[in-house]
Amino acid sequence: MQGRAEEPAVREASGLARRTGCEAHARAHANIALAKYWGKRDAALNLPAVGSLSIALEALYTDTTVRFDDRLAKDHVELDGRPAPAEHARISRFLDCVRERVGLRSHASVSTWNSYPTSAGLASSSSGFAALAFAATRAAGLQLSVAELSALARRGSGSAARSLVGGFALLPPGRREDGGDCYAVCLMEASCWPLVVVVAITDPGSKRTGSTKGMTRTAETSPYYRAWVEASEADLAAMCDAVRTRDFPRLAELAEHSAFKLHALMLSARPPLLYWNAGTLAALEGVRGLQAEGVPVFATLDAGPQVKAVCPEAYAETVAERLGRLAGVRQLLRTGLAGPPTVREAPP
Ligand code: DP6
């Protein structure tokens with residue numbers, strides 16, 4: 001057996017997938033949305049109310065090992081080497097989806113590790129549930145297509161559906177009530193447009209209100225929620241066009257509009273969802289300053305205080321140097337774009 005051979009998820013559909021007994025390892029990359037998902041049309045099936053478009057990040061990933069074992073009395077979950085009581089119920093519920101699908105009764109041992117700060121608004125649920133979906137199905141002996149894996153990962157976390165395809169990923173909201181048409185597709189491969197993302201971490205701690213809760217509150221209380229959903233189809237279509245034509249200025253304008261509109265929407269919830277801190281504003285000002293000097297760069301933010309600056313490869317050094325100097329920026333991560341997840345053989 002070839003130790004640690006890697007196998008891209010995309011090959012699964014063509015039948016090259018291998019089962020690794022009851023244990024499997026997967027690595028999936030986090031993604032950040034350029035057209036944001038916020039709001040659900042069905043909470044039970046976790047179906048998004050709006051479509052979204054993201055880029056997968058090479059340096060930000062989750063490694064997950066899943067082993068189903070008849071001898072376990074309950075699921076065991078470890079995150080970054082420690083028991084994970086806060087994540088346990090959500091992960092167990094997700095494993096139930098996999099167990100139901102194969103008629104498996106065994107509990108599982110899940111060991112997962114993030115290459116970046118967990119729950120800090122850096123999309124750890126995207127890489128987390130993508131890696132879990134891939135490793136758990138493989139460990140259960142299931143060989144799913146990429147579309148099936150993406151739809152399954154979506155049950156764990158909407159953004160995770162996009163990490164199953166890598167590159168520039170498009171997740172439509174779908175129309176079907178059973179969610180059968182709600183899975184991500186690769187709009188364009190990462191290598192077609194080598195962008196770089198500089199992440200300015202302004203607070204590595206856990207975020208205050210998780211996305212799931214935040215979305216529910218927004219949908220229930222914001223006077224602007226309907227307008228957000230109504231504009232989403234046109235916003236997304238324009239962004240797909242900007243990506244396909246590799247039009248950076250257009251993409252920059254559309255992505256900033258989506259991010260700032262999302263945060264305006266969050267602020268309009270009751271009570272408001274305010275994710276920014278002083279460092280967030282400093283980093284946004286830093287990006288504004290670079291733009292004023294003619295540097296092609298744009299900013300985006302998710303449900304957390306970190307600022308992600310996106311630019312063509314040639315400008316990454318300039319952007320990192322500028323953001324790294326700012327007082328409120330505690331740490332910088334710099335990454336290119338990533339492809340789909342990989343799966344690895346279990347050790348003997
Ligand atoms: C702001 O995918 O974390 O990052 O489906 O409830 O798990 P759940 O939400 P999640 O939300 C991501 C929200 C966002 C925007 C995005 O990634 O599209």
Side-chain angles (χ1 to χ4, degrees), residues 28-57 60 62 86-87 89-91 93-94 97 114 116 118-133 150-165 168-174 179 182-184 197 199 206-219 222 225 228-229 232 235-236 239 254-267 269 273-276 280 299-308 310:
H29 295 272
N31 68 72
I32 49 163
L34 303 183
K36 306 291 185 187
Y37 145 54
W38 197 256
K40 300 176 195 287
R41 67 180 172 94
D42 183 316
L45 293 173
N46 205 28
L47 295 170
V50 299
S52 56
L53 192 158
S54 65
I55 44 180
L57 309 178
L60 277 66
T62 299
E87 285 80 10
R90 192 169 174 191
I91 289 177
R93 271 201 310 275
F94 184 79
C97 294
N114 284 330
Y116 58 99
T118 303
S119 293
L122 280 178
S124 55
S125 63
S126 68
S127 53
F129 280 99
L132 183 63
S150 171
L152 176 66
R154 190 207 70 231
R155 297 288 296 270
S157 188
S159 53
R162 300 185 308 240
S163 281
L164 255 308
V165 295
F168 293 78
L170 172 67
L171 178 65
C182 188
Y183 52 84
V197 181
V199 184
S206 288
K207 60 189 169 193
R208 286 181 207 146
T209 310
S211 301
T212 312
K213 245 184 165 171
M215 285 182 203
T216 310
R217 188 192 301 172
T218 308
S222 168
Y225 180 69
W228 163 260
V229 175
S232 64
D235 286 355
L236 187 62
M239 190 175 285
L254 292 165
E256 288 201 343
H257 178 62
S258 180
F260 287 110
K261 186 157 66 164
L262 171 62
H263 282 268
L265 179 71
M266 291 162 162
L267 285 171
L273 294 156
L274 172 58
Y275 288 105
W276 300 9
T280 312
T300 185
L301 313 96
D302 293 298
Q306 333 303 356
V307 174
K308 292 107 180 183
V310 185

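Here, residue 1 is the first one in the sequence, and each next residue gets the next number. Both ligands and their constituent atoms are indexed starting at 1 by order of listing. Just so you know, these numbers come straight off a predicted model, no measurement behind them.
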Give yes or no for whether the N/O distance cutoff of 3.5 Å, strictly under, is met between Gly158 and ligand 1.
yes
So if I count the atoms of ligand 1 from 1 in the order they appear, which ones are less than 4.0 Å from some heavy atom of Lys40?
5 (O), 6 (O), 8 (P)
Looking only at heavy atoms, is any part of Asn46 under 4.0 Å from ligand 1, and if so is it the side chain, the backbone, or both, or is it neither?
side chain
Examine Tyr37 against ligand 1 and note whether any of their N/O atoms are separated by less than 3.5 Å.
yes
Working to the nearest 0.5 angstrom, can you tell me the gap between Met215 CE and Thr209 OG1?
12.5 Å
Taking only heavy atoms of Ala33 into account, list the atoms of ligand 1 that are under 4.0 Å away from them.
16 (C), 17 (O), 18 (O)
For Tyr37, side chain to side chain donor-acceptor pair (under 3.5 Å) partners two or more places apart:
Lys40
Ser125 contact mode with ligand 1 (heavy-atom cut-off under 4.0 Å)
side chain
Below a 4.0 angstrom heavy-atom separation, can you tell me which part of Met266, side chain or backbone, both or neither, approaches ligand 1?
neither
Close N or O approach (Trp38, ligand 1; < 3.5 Å):
no
In Å and rounded to the nearest 0.5 Å, what is the CG to CG distance from Asp235 to Leu34?
13.0 Å
Any atoms of ligand 1 less than 4.0 Å from a non-hydrogen atom of Arg90? List them with their elements.
7 (O)
Proximity to ligand 1 by part of Arg154, non-hydrogen separation under 4.0 Å:
neither
Please say whether Ser159 places an N or O atom under 3.5 Å from an N or O atom belonging to ligand 1.
yes
Contacts of Trp38 that satisfy side chain to side chain donor-acceptor pair (under 3.5 Å) - sequence neighbours left out
Thr218
Distance-only polar pair, side chains of Asn46 and Arg154, donor-acceptor under 3.5 Å:
no
Check whether the side chains of Ser126 and Ser159 place a donor and an acceptor atom closer than 3.5 Å, and report yes or no.
no
Can you see whether Thr280 engages Tyr275 through a side-chain donor-acceptor pair at a distance of less than 3.5 angstrom?
no
If we set the cut-off at 4.0 Å for heavy atoms, which region of Arg162 has an atom near ligand 1: side chain, backbone, both, or neither?
side chain
Within ligand 1, which atoms have a heavy atom of Thr212 less than 4.0 Å away?
6 (O), 7 (O), 8 (P)
Rounded at 0.5 Å granularity, tell me how far CG in Leu273 sits from NZ in Lys213.
10.5 Å
Rounded to the nearest 0.5 Å, how far does CZ of Phe94 lie from CZ of Arg155?
8.5 Å
